[in-house]
Each structure stands twice: as C-alpha cells, then as structure tokens.
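Here the structure is laid out as structure tokens; the discussion comes afterwards.
Note that the numbering runs from 1 along the sequence shown for the chain. Atoms within each ligand, like the ligands themselves, are counted from 1 in listed order.
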Amino acid sequence: MGRVKTGGGWRAILYTFKKSREAGGFFKLWKAMRSKNACKTCALGMGGQSGGMVNEAGHFPEVCKKSFQAMVADMQGGVKPEFFATYSVAQLQQFSPYQMEHSGRLVEPVVLEKGAQYYKPISWDDALGRIARRLKGVQPDETFWYFSGRSSNEAGFLLQLFARLYGTNHVNNCSFYCHQASGVGMASVLGTGAGTVKLEDLERADIVFLIGGNPASNHPRMMRTLMQVRRNGGKVVVINPIVETGLVNFSVPSDPWSLLFGTKIASTYVQPHVGGDLALMYGLLKRIREMGATDEAYLAAHTHGWPELAARLDALHWEEIVEKSGVSQEQIDDIAAQYAKSERAVFAWTMGVTHHLHGGATVQAIAALALVRGMIGKPGAGLQPIRGHSNIQGLGTVGVTPQLKETIFRRLEETFGVKLPTTKGFDTLECLEAADAGKMRLAFCLGGNLWGASPDATYAKRALSKCDMVVTMSTTLNTGHASGLGAEETIILPVLARDEEPEPSTQESMFSYIRLSDGGERRHVGPRAEVEIIADLAVRVLGETVAGSGGQVIDWREMAHTSTIRQAIARIVPGLEGMATIETTRKEFSIPGRSLASPTFPTADGRATLFVHDLPAVPTGLQLMTIRSEGQFNTVVYEEEDLYRNQTRRDLVLIHPDDIARFGLTAGGRCRIRSSAGEMRGVYVSAFEEIRPGSVAMYYPESNVLVPKAADPLSRTPAYKSVAVTVEPDLIEARALRPKPELVAAGMPKEKMKQC
Ligand SMILES: Nc1nc2c(c(=O)[nH]1)N[C@H]1C(S)=C(S)[C@@H](COP(=O)(O)OP(=O)(O)OC[C@H]3O[C@@H](n4cnc5c(=O)[nH]c(N)nc54)[C@H](O)[C@@H]3O)O[C@H]1N2
Ligand SMILES: Nc1nc2c(c(=O)[nH]1)N[C@H]1C(S)=C(S)[C@@H](COP(=O)(O)OP(=O)(O)OC[C@H]3O[C@@H](n4cnc5c(=O)[nH]c(N)nc54)[C@H](O)[C@@H]3O)O[C@H]1N2
Ligand SMILES: [Mo]
C-alpha cells in the first residue's frame with residue numbers, strides 16, 4: 001500500500017482479519033473480544049458488563065487495533081518447553097522487544113540463579129518459597145514494589161496491603177513514568193488529580209485542546225469522540241511538534257461515512273518547540289487577558305492567586321513567549337480568539353506535556369488557562385489527562401502509591417486493627433537510586449517492564465543488578481526479563497490475563513468509571529491468578545492470618561478471592577462503596593465527586609489555586625523526544641512498522657530534512673547519536689517533513705540508553721521527551737552491531753521470525 005494519509009479506516013478493519021488468523025479464526029477472536037471484560041489496552045475503559053467493544057456512552061462497535069493485538073498476544077501458545085534451555089540469557093539479551101513478546105505465553109515459574117547462563121523452570125512451591133525466604137531475610141525497607149497499570153484493583157490493593165503489613169511504603173506504580181505530573185499538577189490546583197469530565201462532556205465540548213498526544217495511535221477510540229465534536233460544529237486544536245497523520249485526518253472504522261470519506265480532526269494544528277507548551281499556555285493566558293475575555297467573577301469567587309498571575313502576565317514580553325514557545329504571535333492570537341468564543345472547552349493532554357522537567361508546571365498552566373475562563377465545574381468543559389494503561393487510575397485510587405491518602409491509611413488501621421509503617425515511601429526513581437546505592441535487596445514487580453520503561457538503561461540495569469533478587473509477575477516475556485536481572489536470583493511468575501481469571505475483577509477508566517470484568521476460561525494450565533499468587537506469598541511471609549488488635553482478622557486464604565478483597569476495598573476506599581455489591585448487582589458506576597459539575601473544588605476552602613512560573617529557556621541544539629509507534633504498546637512491540645508515520649523499522653531517528661542538511665547527514669544513511677546518558681550507533685536516518693526542525697524523535701524503549709534520569713522536581717517524572725542530543729554521520733549499521741540470535745523455538749509464527 002502507498003503512503004498513509006489517514007488514520008484508522010479499512011487498514012484497521014483488514015488488520016482485524018489478519019490478526020484473527022493468528023488467533024485461530026475470526027469467531028474465536030470475536031468471542032474473546034466480546035467477552036464481558038474491560039479492554040486490556042488504554043484507559044478509555046471499553047468493555048466490562050456491556051461486553052467488549054462498547055464504550056461508557058454505550059456505543060458499539062468501538063474497534064481498535066491495539067485491543068486486538070493485546071488479545072491475540074494473550075491467545076498465543078505457551079513458551080515451548082525447550083525454550084529456556086535453548087536460549088541463554090546472553091542470547092535473550094539480543095532478542096528485540098518484538099521477539100520477546102512473540103516467544104509465547106509464560107506457563108511455568110522460572111529462575112535464573114547466580115552464575116547460571118539459562119533460566120530454569122521451577123515449581124510454584126519452590127518459586128514462592130525462595131521469595132518468602134528472601135523477604136524474611138532482609139529489612140522491609142530494603143525491598144520495593146513496582147506495579148504496572150495492567151492489573152486489577154483487587155490485585156493492586158492486595159499487593160500494596162501485603163507490602164505495607166510486611167513493613168514498607170516503597171510501593172509505586174508506572175504513573176511515576178507517565179501521568180504523575182498530571183496528578184500532582186492538578187491536585188495542587190484543584191485538590192484532585194483525576195480528570196474533571198465524563199466521556200459525554202468531551203463530546204459536548206465546543207472546543208477540545210489536544211496537547212502533546214497522538215490518540216490516533218494510542219487511544220484510537222477517542223477519535224470517534226473527536227469526530228463527534230467536529231460534527232457538532234466544535235473545534236479541535238492540536239498542539240504537537242509533529243504533524244501526526246491520524247490527527248489531521250482519521251477514518252473512524254465504526255462510522256460508515258467517516259470510513260468512506262475520512263474525517264478532518266484538527267481544525268487548527270500548531271507545532272511548538274519540544275517543551276514549548278508552558279510558554280504557549282502563558283501566551284494564551286496573556287492574550288485572553290488582553291482581550292478582556294477572562295471570567296473575573298468566577299476568578300474572584302472560586303480561585304486564589306489570580307492577581308499574582310495577572311501581574312506576571314502583564315510583565316511578560318511577547319518576544320519571550322514567542323521565542324520560548326516556538327509559536328508566532330499571530331497563531332497565538334488566533335487560538336486565543338477561538339478560545340474566547342468557546343462556552344464549553346475541554347483540555348486533554350498526554351505524554352508530550354508530562355515528560356519534561358517542567359511537566360508538572362505545564363499541567364498547572366493548562367489548568368490556569370481553563371480556570372481564567374471558568375471552564376472547570378460545568379458540563380461539557382474541564383480537564384482530562386488521557387491516561388495510559390487500562391487500570392492505572394484504579395491502582396492509584398486503591399492505594400498503590402508511596403503515601404496513602406489520609407482516610408485510606410486511617411481506615412486500614414481501624415478496620416484491621418493494625419499499625420502501618422509511617423516511614424517515607426520512595427517513588428520509582430528513588431527506588432532505583434536506592435538500589436544503585438546498594439540499599440535495596442529485593443525488587444518485586446506486578447507486571448510491567450521496569451528495566452525497559454526506566455530512563456538511562458545502563459544505569460537501570462546496574463541498579464537492579466545490585467538487588468539480590470528481582471521478581472516479576474508477567475503474562476509474556478519482555479526485555480526486562482533478559483536485562484533487568486538480580487545479583488543472586490531472578491524469578492518470573494506466570495500469571496493469567498484478566499479475561500482468563502477464575503473470578504471477576506474490576507478496573508477504573510480515565511473517566512473514573514468502575515468496570516466489572518467477568519474473567520473467563522484459562523488458556524494455559526500453568527499460570528495462576530495474580531490475587532492467588534499474592535495471597536499465597538503473604539501466607540508464607542506473614543502466616544495464614546494477621547490478627548491486629550480489635551479489628552477484623554485478615555485471612556490471607558480468603559483474600560485470594562476477589563469478592564473478599566472487594567468488600568475490604570468498599571469499606572476502606574472513599575467513593576468505592578459500590579464495590580461491595582458490584583458482583584451481584586453487576587452495576588458499574590462512576591466514582592462520586594470526580595467529575596466536577598460545579599466550581600466547588602475538593603480543597604480546604606473549596607477554591608482552586610493559580611500558580612505563577614518562570615518560562616524555561618529554549619534549549620540550544622537538537623532535542624530528542626522518545627515516543628511510541630503505532631505498532632507497540634509501551635515496551636511490547638507487536639509490529640515493527642509505524643503505519644501512520646509511514647515507517648517500516650524501529651532503529652531510526654525521525655529528523656527534518658533541514659536538520660539532515662545542517663548536520664551533514666544523508667537520508668537513508670546512518671548516524672551516531674549521543675546524549676549525556678549514552679550513545680546509539682548506526683541509527684537509520686529517516687527524513688521526516690512532519691517534525692519541527694530542531695526536534696528529533698526515536699522510538700522507546702530502544703532509545704532509553706539516551707534518556708538521562710533527571711526528573712521534574714514537582715512530580716518526579718523523567719524528561720523522556722526533552723533529551724539534548726548531538727548527531728553525526730556514522731558508517732556502522734545498528735543491526736550489524738547486534739549478533740542475530742538463532743531463532744528456532746518459541747511460539748513465534750514462521751513468517752514473523754523472518755521479520756526479526
Ligand atoms: N498503541 C499504543 N497505545 C498506547 C500506548 C502504547 O505504547 N501504544 N501506551 C499507553 C500509555 S501507558 C500511555 S501513557 C499513552 C501515551 O500516549 P501518547 O502520549 O500519545 O504517546 P507518546 O508516543 O509517548 O507521545 C506522543 C506525542 O507527544 C508529542 N510530543 C512530544 N514532545 C512534545 C512536546 O514537548 N509538546 C507537545 N505538545 N507534544 C509533544 C509527540 O509528537 C507525539 O505525538 O498511550 C497508551 N496507549
Ligand atoms: N523513553 C521512554 N520511556 C518511557 C516512556 C516514553 O514515552 N519514553 N513512557 C513511559 C510510560 S508512559 C509508561 S506507562 C511506562 C510503561 O512501562 P511498564 O508499564 O512497566 O511497561 P509495559 O510495557 O506496559 O509492561 C508490559 C509487560 O506487562 C506484562 N503484562 C501484560 N499484561 C499483564 C497482566 O495482565 N498482568 C501482569 N502481571 N503482567 C502483564 C507483560 O509481561 C508485558 O511484557 O514506560 C515509560 N517509559
Ligand atoms: Mo503511560
């Protein structure tokens with residue numbers, strides 16, 4: 001097929017049929033997709049009790065390639081019995097993320113012992129026994145517990161409870177690499193870190209600002225909503241240094257008209273400098289003030305800090321704004337004029353905003369821009385961080401954070417009559433720092449790929465290697481299993497996917513909607529449900545029961561049942577009372593108080609706070625942003641191609657032709673890229689007109705060797721999208737640098753192996 005000029009469309013539909021062949025037939029895949037389980041990919045929250053491919057507004061069918069990919073990946077065969085004896089760890093380290101994922105479903109626990117070259121299968125009893133012995137032999141604060149956002153509320157709640165009763169608060173989740181800046185930024189302004197709108201609000205908006213995200217690839221079902229906004233006569237303003245094909249034009253597969261003729265998504269497209277968003281928000285704020293379009297009555301009644309911010313805006317010069325944002329004054333005027341006319345504006349953003357040293361500050365400024373026109377606390381308007389993982393928001397709600405919310409902490413202590421640790425809990429980077437300083441002995445990961453997701457891959461590898469033991473609970477292999485190894489033992493525990501679990505579980509969408517997943521038939525004999533594994537481990541470490549003084553006894557064997565865990569969650573977590581009966585009533589629900597229908601904010605005095613910032617200097621030299629392709633889900637690579645950006649490989653740098661000339665490179669040639677953290681050689685130079693000159697882009701996780709571990713002081717989120725780099729021509733091919741592993745075994749289909 002030729003150059004892709006629109007997102008979605010027939011390609012998405014054809015892809016569905018292609019995937020169904022891999023899954024053993026269309027009807028088999030259709031059945032799996034229609035089962036009553038929350039979708040496994042992003043946090044838009046499809047599925048649940050209305051059945052798969054149905055959104056919160058009840059619309060069907062909501063088709064997305066990503067959900068098919070994730071489903072088919074879970075439907076693949078088991079890792080072949082000879083796999084771990086065939087490939088040494090040295091060989092596995094040469095596997096690409098794609099090859100790891102396509103090696104098959106993990107079906108038995110495996111261990112890599114000190115000095116051994118190969119992982120070896122062990123029994124569940126042996127695996128959990130080894131972990132329990134290590135946990136008993138170290139201080140609780142020498143352990144840390146990392147959660148990816150794929151697991152259920154029940155598994156998340158149970159594991160954090162176990163970790164705290166064991167004695168540590170070093171409990172954190174991948175949002176420290178993701179939307180932490182949104183949570184912290186919004187909470188500082190509004191007293192809540194959750195989005196303030198519902199899905200329907202988004203559709204009713206007359207203008208949507210889409211800042212620093214590529215939902216055409218990463219939240220494809222959101223495209224239907226954006227289409228609806230345009231059809232209603234609304235506007236979509238896209239702010240992104242890359243002109244993303246799918247944000248210009250998208251063919252929504254489930255809409256016949258859109259499928260045939262395509263839908264224009266962006267009504268205005270603006271390309272700031274990488275990291276220029278904070279300055280751009282200040283430009284818009286200043287212009288709105290100059291136009292007299294602020295809602296002074298709202299500001300006076302519902303906010304603090306407007307006089308200070310207004311004074312700052314008045315003192316700011318347009319030259320500074322234009323230079324630091326990279327956007328012309330005319331374009332800022334134009335967008336401000338559109339915003340000034342709006343009655344219902346929604347501000348939505350993703351990683352292009354949060355992955356910067358000033359990520360938290362930019363979120364505060366976005367919130368300020370909404371507040372100056374009274375856009376928070378009324379229907380059809382508000383703030384919406386577009387979350388990543390399918391249950392990342394739920395994990396935060398049920399207590400998977402270093403510091404528990406005051407109410408949850410108190411209710412946990414009262415309900416169970418226990419004393420919880422009050423020591424400081426570390427965030428994800430602090431845990432790695434402590435590990436590197438030799439202060440961590442055990443890392444326990446519920447899903448995810450901690451090594452692959454972390455900045456500075458060399459450093460992350462070293463830090464993990466200083467832990468005696470690294471444990472992950474996983475469905476499939478990823479690069480972390482080969483490169484994020486412990487010094488004495490590394491253990492992988494195979495788990496059931498959400499739709500294979502014997503008991504129901506719950507998830508929370510980015511619109512704070514609680515979904516009930518039914519579970520389903522297991523596809524493999526060996527893996528166990530996450531809650532069962534956690535409860536089994538707790539029995540081995542803390543005994544069958546924990547009887548505090550005066551509270552309810554925690555019976556860990558009972559806690560292996562999700563219904564028991566839900567009862568505890570319903571008693572302990574404010575807003576989740578409905579969890580107590582959800583299994584019988586099947587009533588999914590919105591968490592009360594999250595979407596804000598009036599401008600009374602959950603702060604001490606009900607008012608929001610406006611913050612004042614200095615605008616960061618424009619970085620000199622090239623800035624690298626590390627981004628996702630259309631064919632990957634985080635560190636899992638399903639397809640090597642990036643459809644909408646018309647790329648067929650991953651070992652490349654997307655660079656503007658002007659920069660190719662400026663740095664003496666050749667399109668289609670190789671380059672060497674260096675940063676303060678590391679270097680990559682033999683990188684393919686891909687001429688890319690759609691990127692703003694001065695910015696270059698590479699795919700994560702491969703590019704994590706280049707990303708320094710510096711983090712936003714406010715939120716501790718790494719600056720994955722502003723890495724100062726230098727480029728120069730190189731004669732070596734990256735692929736030539738990597739010895740090719742002998743690919744024989746694995747669950748990988750033959751034609752896939754050829755692509756590797
Ligand atoms: N297919 C797929 N879907 C996913 C995921 C996936 O890996 N694959 N991951 C899930 C997760 S966990 C998350 S967090 C989300 C991520 O979803 P996104 O945030 O959309 O993903 P990224 O590729 O990290 O960031 C992409 C966009 O940010 C822009 N950008 C980079 N720097 C800047 C900047 O300084 N300013 C602005 N305005 N824009 C910038 C890039 O040009 C790019 O379009 O997606 C979720 N859904
Ligand atoms: N350079 C750079 N680095 C980044 C980013 C970036 O944009 N640039 N993005 C960051 C972001 S936003 C995020 S969220 C992180 C993502 O980082 P992580 O969440 O740590 O990584 P994932 O790739 O989602 O983890 C995938 C693994 O989860 C396991 N898994 C899948 N389903 C299940 C399940 O049901 N249960 C269990 N237990 N395991 C399961 C599989 O083994 C799979 O290999 O990466 C961050 N790192
Ligand atoms: Mo994320």
> Do the side chains of Glu702 and Pro97 get nearer than 4.5 Å, heavy atoms only?
Replying inline: yes

>> Below a 4.0 angstrom heavy-atom separation, can you tell me which part of Thr476, side chain or backbone, both or neither, approaches ligand 2?
In response: both

> What residue and heavy atom of the protein are closest to atom 1 (N) of ligand 2, and at what distance?
Replying inline: Asn704 OD1, 2.6 Å

> Between Asp499 and Arg523, does at least one N-O distance fall below 4.0 Å, as a salt bridge requires?
Replying inline: yes

> In the protein, what heavy atom is nearest to atom 13 (C) of ligand 1, and what distance, to one decimal place, separates them?
Replying inline: Gly388 CA, 3.4 Å

> Closest non-hydrogen protein atom to atom 24 (O) of ligand 2, residue and atom name please, with distance?
Replying inline: His389 NE2, 2.8 Å

>> Quick check on contacts: which atoms of ligand 2 are under 4.0 angstrom from a heavy atom of Tyr146?
In response: 17 (O), 18 (P), 19 (O), 20 (O)

> Which ligand 1 atoms does Cys178 reach within 4.0 Å, using its non-hydrogen atoms?
Replying inline: 14 (S)

>> I need the nearest protein heavy-atom contact for atom 4 (C) of ligand 2: residue, atom name and distance, please.
In response: Tyr700 CE1, 3.0 Å

> What atoms of ligand 2 come within less than 4.0 Å of a heavy atom belonging to Asn478?
Replying inline: 27 (C), 42 (O), 43 (C), 44 (O)

> Do any nitrogen or oxygen atoms of Ile239 come within less than 3.5 Å of a nitrogen or oxygen of ligand 1?
Replying inline: yes

> With only distance considered, is Gly149 within less than 3.5 Å of ligand 2 through an N or O on each side?
Replying inline: no

> Numbering the atoms of ligand 1 from 1, which are under 4.0 Å from a heavy atom of Glu244?
Replying inline: 42 (O), 43 (C), 44 (O)

> Should the ring pair His102 and Tyr638 be called parallel, tilted or perpendicular, given that the plane angle runs from 0 to 90° and is split at 30 and 60?
Replying inline: perpendicular

> Which atoms of ligand 2 have any heavy atom of Val636 under 4.0 Å away?
Replying inline: 26 (C), 43 (C), 44 (O)

> What are the atoms of ligand 2, with element, lying closer than 4.0 Å to any heavy atom of Met473?
Replying inline: 37 (C), 38 (N), 39 (N)

> Which of the numbered atoms in ligand 1 are below 4.0 angstrom from a heavy atom of Ile242?
Replying inline: 42 (O)

> Which of the numbered atoms in ligand 1 are below 4.0 angstrom from a heavy atom of Ile627?
Replying inline: 23 (O)

>> Quick test: of every protein heavy atom, which one is nearest to atom 28 (O) of ligand 2, and how far off is it to 0.1 Å?
In response: Gly448 N, 3.2 Å

> What part of His179, side chain, backbone, both or neither, has a heavy atom within less than 4.0 angstrom of ligand 2?
Replying inline: neither

> For Val248 and Val243, what are the C-alpha separation, side-chain angles and deciding distance, and is it a side chain to side chain contact (heavy atoms under 4.5 Å, CB included)?
Replying inline: CA-CA 8 Å; Val248 176; Val243 177; 3.6 Å; yes

>> Testing the basics here: between Gly359 and Ala181, what is the closest heavy-atom pair and its distance to 0.1 Å?
In response: C-CB, 3.7 Å

>> Less than 4.5 Å apart, side chain to side chain, heavy atoms only: is that true for Thr350 and His179?
In response: yes

> Which ligand 2 atoms are under 4.0 Å away from a heavy-atom of Tyr177?
Replying inline: 10 (C), 11 (C), 12 (S), 46 (C)

>> Tell me every residue that passes ring-ring contact (aromatic ring centres under 6.0 Å, His included) with His389, counting only those two or more places apart in sequence or in another chain.
In response: Phe633

> Is any NZ, NE, NH1 or NH2 atom of the basic residue among Glu244 and Arg645 found under 4.0 Å from an Asp or Glu carboxylate oxygen of the other?
Replying inline: yes

> Of all the atoms in ligand 2, which lie at a distance below 4.0 Å from a heavy atom belonging to Asn449?
Replying inline: 18 (P), 20 (O), 21 (O), 25 (O)

> Which heavy-atom pair separates Gly394 from Glu508 by the least distance, and what is that distance?
Replying inline: CA-OE1, 3.5 Å

>> One pair to check against salt bridge (Lys or Arg N to Asp or Glu O under 4.0 Å): Arg528 and Asp536. What are the steps and the verdict?
In response: CA-CA 11 Å; Arg528 293 176 68 188; Asp536 194 340; 3.2 Å; yes

> With a 4.0 Å heavy-atom cut-off (strictly under), which part of Val495 contacts ligand 2: side chain, backbone, both or neither?
Replying inline: side chain

> Only one of Ile335, Leu383, Val238 clears side-chain contact (heavy atoms from CB on, under 4.5 Å) with Phe209; which?
Replying inline: Ile335

>> Please determine whether side chain to side chain contact (heavy atoms under 4.5 Å, CB included) holds for the pair Asn634 and Arg628, giving the CA-CA distance in whole Å, both sets of side-chain angles, and the decisive distance to 0.1 Å.
In response: CA-CA 7 Å; Asn634 295 339; Arg628 294 158 167 77; 2.9 Å; yes

> Taking non-hydrogen atoms only, is Asn218 closer than 4.0 angstrom to ligand 1 via side chain, backbone, both or neither?
Replying inline: both

> Judging by distance only, is a nitrogen or oxygen of Asn634 under 3.5 angstrom from one on ligand 1?
Replying inline: yes

>> Can you check which of Asn214, Val270, Leu210 brings a heavy atom nearest to atom 26 (C) of ligand 1?
In response: Asn214

> Got a second to check how far Met680's CE is from Leu624's CG, nearest 0.5 Å?
Replying inline: 9.5 Å

> What protein heavy atom is closest to atom 30 (N) of ligand 2, reported as residue, atom name and distance in Å?
Replying inline: Thr475 OG1, 3.3 Å

>> Can you give me the closest heavy-atom contact between Leu106 and Pro494, atom names plus distance?
In response: O-CB, 3.3 Å

>> So for ligand 1, is Met351 a polar contact partner (N or O within less than 3.5 Å, distance only)?
In response: yes

> Atom CZ in Arg515, atom OG in Ser152: separation rounded to 0.5 Å?
Replying inline: 16.0 Å

>> Between Thr626 and Val707, does the side chain to side chain contact (heavy atoms under 4.5 Å, CB included) criterion hold? Intermediate values first, please.
In response: CA-CA 8 Å; Thr626 58; Val707 180; 3.8 Å; yes

> Between His273 and ligand 1, is there a nitrogen or oxygen pair with a distance under 3.5 Å?
Replying inline: no

>> Need the ligand 2 atom indices (1-based, order shown) with element for anything under 4.0 Å from a heavy-atom of Thr626.
In response: 1 (N), 2 (C), 7 (O), 8 (N)

> Salt bridge between Asp456 and Lys709, side-chain N to carboxylate O under 4.0 Å?
Replying inline: no

>> When you measure from the side chain of Trp124 to the backbone of Gly526, do you find a donor-acceptor pair of N or O atoms at a distance under 3.5 Å?
In response: yes

>> If we set the cut-off at 4.0 Å for heavy atoms, which region of Cys174 has an atom near ligand 1: side chain, backbone, both, or neither?
In response: neither

>> Which residues pass the ring-ring contact (aromatic ring centres under 6.0 Å, His included) test with Tyr146, not counting sequence neighbours?
In response: none

> So which heavy atom in the protein is nearest atom 23 (O) of ligand 2, and how far is it from that ligand atom?
Replying inline: Thr635 OG1, 2.6 Å

> Who's the nearest protein heavy-atom neighbour of atom 36 (N) of ligand 2, and how far?
Replying inline: Glu530 OE2, 2.6 Å

> In ligand 2, which numbered atoms sit nearer than 4.0 Å to a non-hydrogen atom of Gly447?
Replying inline: 37 (C), 38 (N), 39 (N)

> Salt bridge or not for Glu530 and Arg150, using N-O below 4.0 Å?
Replying inline: no

> So which heavy atom in the protein is nearest atom 12 (S) of ligand 2, and how far is it from that ligand atom?
Replying inline: Arg628 NH2, 3.1 Å

> ligand 2 and Ala453, any nitrogen or oxygen pair closer than 3.5 angstrom?
Replying inline: yes

> What atoms of ligand 1 come within less than 4.0 Å of a heavy atom belonging to Gly275?
Replying inline: 34 (C), 35 (O)

> Given His219, His355, Arg150, which has its nearest heavy atom closest to atom 45 (O) of ligand 1?
Replying inline: His219

